[in-house]
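Please read the structure below before turning to the comments.
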Amino acid sequence: MRPTILHPLFAEITALPGVGPRLAKLFAKLAGERALDLCWHLPSGLIDRSYQPRLAEAEIGRVATVTVTVTGQEPGRGPRQPLRVRCEDATSTLDLVFFHAKPDWIAKQLPLGATRVVSGKIEAYGSHLQMIHPDYILAPEEKDSLAGVEPIYPLTAGLTPKTMVKAVRAAVGRAPELPEWLDPALQRQRGWPAWRQALDAAHRPEREADLEPTTLARQRLAYDELLANQLALAIVRLNQRKARGRGLRGDGGLTAKALAALPFDLTPAQQQAWAEIAADLAAETRMLRLLQGDVGSGKTVVALLAMLTAVEAGHQAALMAPTELLARQHYETIAPLAEAAGVEVLVLTGRDKGKARQAALARLAEGSARLAIGTHALFQQDVDFADLGLAVIDEQHRFGVHQRLSLAAKGRAVDVLVMTATPIPRTLVLTAYGDMESSRITGKPPGRQPVDTRTLPLERLEEVAEAVARKIAAGGKVYWVCPLVEESETGDLAAAEERHALLAERFPGKTGLLHGRMKAADKDAVMAGFAEGPLQLLVATTVIEVGVNVPSATVMVIEQAERFGLAQLHQLRGRIGRGSEKSTCLLLYAPPLGAVARERLKVLRETDDGFRIAETDLELRGAGELLGTRQSGLPQFRLADLETQADLLAVARDDARLILERDPELQNERGRALRVLLYLFERDEGIRYLRSG
Ligand code: ADP
Ligand code: MG
């Protein structure tokens, strides 16, 4: 349960004075739905309202606070014309300009003859001075309510700076003093203020330098967030390890048979990863290891060897994939090899229902099926394993920590291997998985030709279509990936459908369409048509990003490539270059390209090393945008900025480790404060593993 001390912060935003449902919607779009979210909404600039010149001396283009008398009004002639309120001081005149002004409101705010303090940007309009929509219009006696320096917050349409400042102030005003969770020595050494003070200071910048991520206040807030992240992960990990492992030692019989059935030898990188995993399996502690390898680097085989080792040791093993399509594909790769080893394997996804499902469940529960491959259907409540020893989780970043835990909970002391095809830079591994062992498969299996990647402006679409036509005439297979339209799935879909219609006209009977809204069965039918049937051109949205394997496809066209994340483009491109034939990837972009976009596309042309691409992506775009953010499932930080504050992450990791060594249940005074921290950042999933304190 969330500590009561935090309740004021977790109140709905409408609890703030002056915030009704209309404003709440705007705030929600910008920051979130609770008071807390406004506290995390830090200023990005500041305005100095203490600049109070006389009109004749006012600097054009600068925000000024001036005291004036209203002398007249010029109503807008015609609906588009603004209303101008004439004002003056002893030195000059100023027009206050209002578009779509309501006359009543103007009459009340700026009655003829009244003295007013107005604050806003001074502009020149011909030889006149003007101020469009002043930020503030105050009576002289209210002048003191203007802070000398006012923070500027990122805004959204419909929100004024004034409303924003007021709401944030109110939200920050709800923040209580919280018990100190920092290590006293660390806090002293860094000179960090207490949490409440840090929050206050972050929202009251006095000069530009106060907006930097290096200020003590911002450092502290960022550190708190990173510590919450690292501590939560460390708690989960501690608990995964708490139950003693079981030392899964195989006799090598089954793995030898599977290896013999493979038409190739393992690459050195695969062997290395396999050795690391085997050592973990054999150890008495529970395995929690990340297997990172680029698309097509051959992780599946390594995972299968691990699974067969678990079977040799007398247990079952399960592999969980994020999508139906992927689960089926894994099944198809693994089934013949498992058969060669004489091991029964079954597949279980959301599509299996009724009798078939019951039969599969029975085989898992009695233990006749030794290997299971599936989707999240594998960890539904009614799925029981006779004795699950190893859980392999593919493309884990699409699953949450919860799901990872629930599969591991299906057995006693289950070893966990997490596979990801998204090369994740080291810093991000830490934020997503905590202090987790990791094996990397670098390089590709032998015999692969690097994909020839080219970038072309969209105007050359017709040329591209002709090249595709030649490829199709020669019997080849082509992916055509459609642009990502702003955050809207329906938009993506419309674009893909339109492109499909055009291409289907040109290549009738040979063009298929694949998108995320399709039913699983329809998707499979299209995929099968492309892999083995008559389809030679597959128009798709990014659903093909993960895992699809059609080695005979050798061309990929990506429209408006500049809109995709770099890692995502790399993933997509990984769908080709899987066979021995030379492959080509055509990245179409809509000019003009910005400097960063150009740099990103250049990296893709230069290398197909996923790790290098991922590091470059991090450098060029920042962690927040990496991996096409929304699907990535990587934690998003509100306060911490991994580009400028990455050093704090390592400190937080060590801090978290030490905390749990000394006080694993978070029971002592600092421990209890740390519980508050976890709730504050909503990283409390792990707390239920702790005894209540
Ligand atoms: P990943 O899961 O890492 O994306 P896969 O395991 O699906 O990659 O492997 C991609 C392809 O490479 C598969 O067709 C697989 O059979 C093949 N492959 C894997 N390891 C090797 C190897 N050592 N030599 C040749 N081909 C391999
Ligand atoms: Mg794979």
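When a ligand or atom number is given, it counts from 1 through the structure's own listing order. Keep in mind the model is a prediction, meaning the values are calculated, not measured.
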Requested in this report: Could you tell me which non-hydrogen atom of Ala377 sits nearest to which non-hydrogen atom of Thr349, and how far apart they are?
Outcome: CB-C, 3.6 Å

**Report entry** Glu606 bridged to Arg612 by N-O distance under 4.0 Å
**Finding:** yes

Query - Met419 to ligand 1, any heavy atom closer than 4.0 Å - result: no

Query raised in the report: Hey, which of Leu390, Leu248, Val416 is the one that makes side chain to side chain contact (heavy atoms under 4.5 Å, CB included) with Met287?
Result: Leu390

Report task. Just let me know how Leu266 lines up against ligand 1, side chain, backbone, both or neither, with a heavy-atom cut-off below 4.0 Å. Result -> backbone

Query raised in the report: Has Glu339 got more than 12 heavy atoms of other residues, nucleotides or ligands less than 6.0 Å from its CD?
Result: no

Query - side chain to side chain contact (heavy atoms under 4.5 Å, CB included) partner of Val451, chosen from Arg573, Lys582, Arg578 - result: Arg573

Query raised in the report: Less than 3.5 Å between some nitrogen or oxygen of Gly298 and one of ligand 1, yes or no?
Result: yes

Query - Pair Glu332 + Arg328: basic N to acidic O under 4.0 Å - result: no

Query raised in the report: Any idea which atoms of ligand 1 are less than 4.0 Å away from a heavy-atom of Thr300?
Result: 2 (O), 5 (P), 6 (O), 7 (O)

Report task. Give the numbers and elements of all ligand 1 atoms closer than 4.0 Å to a heavy atom of Thr267. Result -> 23 (N)

Report summary line: Checking heavy atoms under 4.0 Å, the part of Thr333 that sits near ligand 1 is neither

Query raised in the report: Is ligand 1 less than 4.0 angstrom away from at least one heavy atom of Ser297?
Result: yes

Report task. Could you tell me which atoms of ligand 1, counted from 1 in the order shown, lie closer than 4.0 angstrom to a heavy atom of Arg578? Result -> 4 (O)

Query raised in the report: Should Thr333 and Leu304 count as side-chain neighbours, where that means a heavy-atom distance under 4.5 Å?
Result: no

Query raised in the report: To which of Asp265, Asp394, Val301, Val302 does the heavy atom nearest atom 23 (N) of ligand 1 belong?
Result: Asp265

